[in-house]
Structure formats: C-alpha cells, structure tokens
Amino acid sequence: MNFAPGAWKYAIVPLLAAPFAVIYSVAAGLLSLALGVGALAFFRDPERTPPPTGVVSPADGTVSVLREEGDQVRLGVFMNVWHVHVVRAPFDATVVDVEHVSGAHRPAFSKESEKNERVHVSLETDSLTSQSAETALEADGDTDDELDGSNEDRFDGPNDDGAIEPAEVTFIAGAFARRIFPYVEPGDELERGDRIGHIAFGSRVDLCFPPSIDRDEVAVEPGESTTAGETVVLETPADVGPFDTPIGGFDFDTQSDGSGADETDDPASSPS
C-alpha cells in the first residue's frame, strides 16, 4: 500500500507508544495502536486507472455542490473519514497558479466552509471534447499503423484551433483538516488522473469546469459517490476515430481516390 507524504509523521508516535502503553493499560495500548493505524488509513494512496475518456472526479467522496457560478459550473466533492484523501487531476492541463488562502475551519459540508482555509490550483486546458477525441485517436493508433505504417503525418491532432480554457481545482480544509499539501507548482503539465495533492484528514475538493461546460452536461448529481481518477463526472465523445471525423475537410468515405462517386453512377461500370 502506498501512502501520501507525511503519513508516518502522524502515525509513528502512536505506533511506537502502543507497546509501552500496554504496560499501564491494555485499553491505552489499543487506543494508541488504533490512532497509528487510523493515521495511515487517512494517508493511503491506492493506484487508480482512469477510463478511456471523460473528465474524472478529482476526489473520493460524495457530491455535495453542483451549481453555476458566473460563466462556470462548480462541482464540490465532500470527503468523509473513510475516503482516500489524495486529489487527482480531472483532465489534461497546465498549472497556471497555486494560491494558498487562510481562513476558518468550519465543517466542510456546511455553506460556511467556503470561507475555510483553501488552496486554489488554477489550470489551463484544451477543449475537453478535443482531449477526448485525441484519446480515442491514440487508442486507434494500432489500426492506423497496420494501414500505412505510421499515423504521425496524417493530421496535426483534433485540437488544431488551439483553444485554451481556464479551470480550477480547490482544496478546502474542514473542522479537523488543517493541512493542505499541493504537489504541483506553476508550469507543471498534468495528465488526467495524476496526483496533484492531498488534504490531511480530509474535507472537500471543488472543481470549476471551463466556461464552455453547461450544468446539464455534468454526469453526476448531489448525493452520488465518486472515486478520484475513475468516476466520470463529465461525459465526452468516446467514438471519435480518424475515419469518423474528416480531417482538414477531407472525407475518407467519398474521396478515397477522387472518383468514387462517378464510379457508382457510371453505367459503363455496371455489369451487362
């Protein structure tokens, strides 16, 4: 089992104290052992495998917030004591800024928690639909290689328009969680599912989608459970392939040799 940084700092003292505590009281020894094991459980960091397409949840937990704020949609995931507290990148992006904001320590499930201590990780991302198309094209790369030996020169990629959109992941501390540990810094390139930080002893993680995303496009609702790096919170096209979408206006179905349509309609080509 992997553990997030800082796990042993919290666990080592109660674990080492447990044998000595038993000398005075079995209950004290068991309590000390439980504290040490519990600290490790809070910091556990299992491997996760993102699905082929889609924006994934940044955190384990329960969807507690889903609303429009200005031109963006905010999704909030509340982490309870039994959830993994490592936060993951919901999509491919570049880190623009990491800002720590001091604040209160209200319960993370309350409306007042938005005034709590928090860390904003500002991101820039390509069109989320284009990212999904690129993933699908890469998955189809083996087929392309069989056809012509290489697909590197056939197209420049599904996001040639270069559209970049802002997004944000916010770590929010709670009543007991008073340590936020971002793993990233400005300039870092993230892939979907990458670890980007953790909150010691939990709380809440918010995702502000790019402005192009509407509320009714989000695939989860308040009360639903999510798994960081695996639960799809925004569906994106999964059936895009190099022959499904014309590249540069070229239609592979009708223009493979420049005369497909004429051959179909030419009476001379019909059997007599």
Side-chain angles (χ1 to χ4, degrees), residues 4-5 45 47-60 65 68-77 84-101 117-139 141 151-152 155-172 180-199 204-214 217-220 226-238 240 245:
D45 184 11
E47 295 296 330
R48 297 286 168 79
T49 304
T53 59
V55 174
V56 294
S57 174
D60 283 23
V65 175
E68 294 181 353
E69 292 186 356
D71 62 349
Q72 291 184 282
V73 176
R74 178 181 293 271
L75 171 71
V77 179
V84 173
H85 298 110
V86 175
V87 182
R88 293 177 178 264
F91 39 70
D92 297 351
T94 300
V95 178
V96 177
D97 188 32
V98 178
E99 179 189 13
H100 177 268
V101 179
E117 178 185 357
R118 55 203 180 276
V119 170
H120 299 291
V121 178
S122 299
L123 306 171
E124 283 186 346
T125 180
D126 295 340
S127 165
L128 299 183
T129 300
S130 295
Q131 285 187 33
S132 180
E134 185 174 5
T135 301
L137 290 170
E138 290 173 354
N151 61 356
E152 293 180 356
F155 53 86
D156 294 328
N159 194 35
D160 291 338
D161 58 3
I164 299 295
E165 297 187 293
E168 186 176 79
V169 175
T170 300
F171 302 63
I172 303 176
I180 300 175
F181 299 95
Y183 299 165
V184 297
E185 57 186 25
D188 286 352
E189 298 287 339
L190 304 176
E191 293 186 2
R192 192 170 54 119
D194 283 352
R195 298 169 175 86
I196 60 174
H198 78 276
I199 307 176
R204 189 177 118 192
V205 177
D206 285 8
L207 166 61
C208 280
F209 290 97
S212 61
I213 302 303
D214 295 328
E217 294 180 87
V218 179
V220 293
T226 64
T227 299
E230 294 186 345
T231 299
V232 174
V233 298
L234 179 70
E235 299 284 358
T236 50
V240 179
T245 302

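Note that the numbering runs from 1 along the sequence shown for the chain. Any value given below was found using the heavy atoms of this structure, including those in side chains, with hydrogens, waters and symmetry copies removed.
- Taking the salt bridge (charged side-chain N to carboxylate O under 4.0 Å, His left out) definition, one finds that Glu47 meets it with Arg195, sequence neighbours left out.
- For the pair Val169 and Pro90, the minimum side-chain heavy-atom distance is below 4.5 Å.
- The minimum heavy-atom distance linking Leu123 with Val96 is given by the pair C-CG2, 3.9 Å.
- Residues forming a side chain to side chain contact (heavy atoms under 4.5 Å, CB included) with Pro211 (at least two apart in sequence, or on another chain): Asp71, Gln72, Glu165, Pro166.
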Given side chain to side chain contact (heavy atoms under 4.5 Å, CB included), test Leu207 with Phe91 step by step and report yes or no.
CA-CA 11 Å; Leu207 166 61; Phe91 39 70; 4.1 Å; yes
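- At a threshold of 4.5 Å between non-hydrogen side-chain atoms, the residues Tyr183 and Asp188 do not count as touching.
- When each of Arg48, Arg88, His85 is checked for a side-chain hydrogen bond (donor to acceptor under 3.5 Å, both in side chains) with Asp60, only Arg48 meets the rule.
- Contact check for Val233 versus Val56: no side-chain heavy atoms found under the 4.5 Å cut-off.
- Residues Pro182 and Ile196 fail the side-chain proximity criterion, which asks for heavy atoms closer than 4.5 Å.
- For the residue pair Val73 and Ile213, the shortest heavy atom distance occurs at CG2-O, 3.6 Å.
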Ile199 and Val205: CA distance, side-chain angles, deciding distance, side chain to side chain contact (heavy atoms under 4.5 Å, CB included) verdict:
CA-CA 9 Å; Ile199 307 176; Val205 177; 4.2 Å; yes
For His120 and Asp97, what are the C-alpha separation, side-chain angles and deciding distance, and is it a side chain to side chain contact (heavy atoms under 4.5 Å, CB included)?
CA-CA 8 Å; His120 299 291; Asp97 188 32; over 6 Å; no
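- Taking 4.5 Å as the limit, some side-chain heavy atom of Pro210 sits within range of a side-chain heavy atom of Thr125.
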Taking it one step at a time, do Arg204 and Arg118 satisfy side chain to side chain contact (heavy atoms under 4.5 Å, CB included)?
CA-CA 10 Å; Arg204 189 177 118 192; Arg118 55 203 180 276; over 6 Å; no
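- In terms of heavy-atom proximity, Gly193 sits nearest to Pro50 at CA-CG, 4.1 Å.
- When all heavy atoms of Arg192 and Gly54 are compared, the pair lying nearest together is NH1-O, 2.8 Å.
- Scanning both residues, Asp206 and Gly76, for their nearest heavy atoms gives OD1-CA, 3.1 Å.
- Closest of all the heavy-atom pairs between Glu191 and Asp92 is CA-OD1, 3.3 Å.
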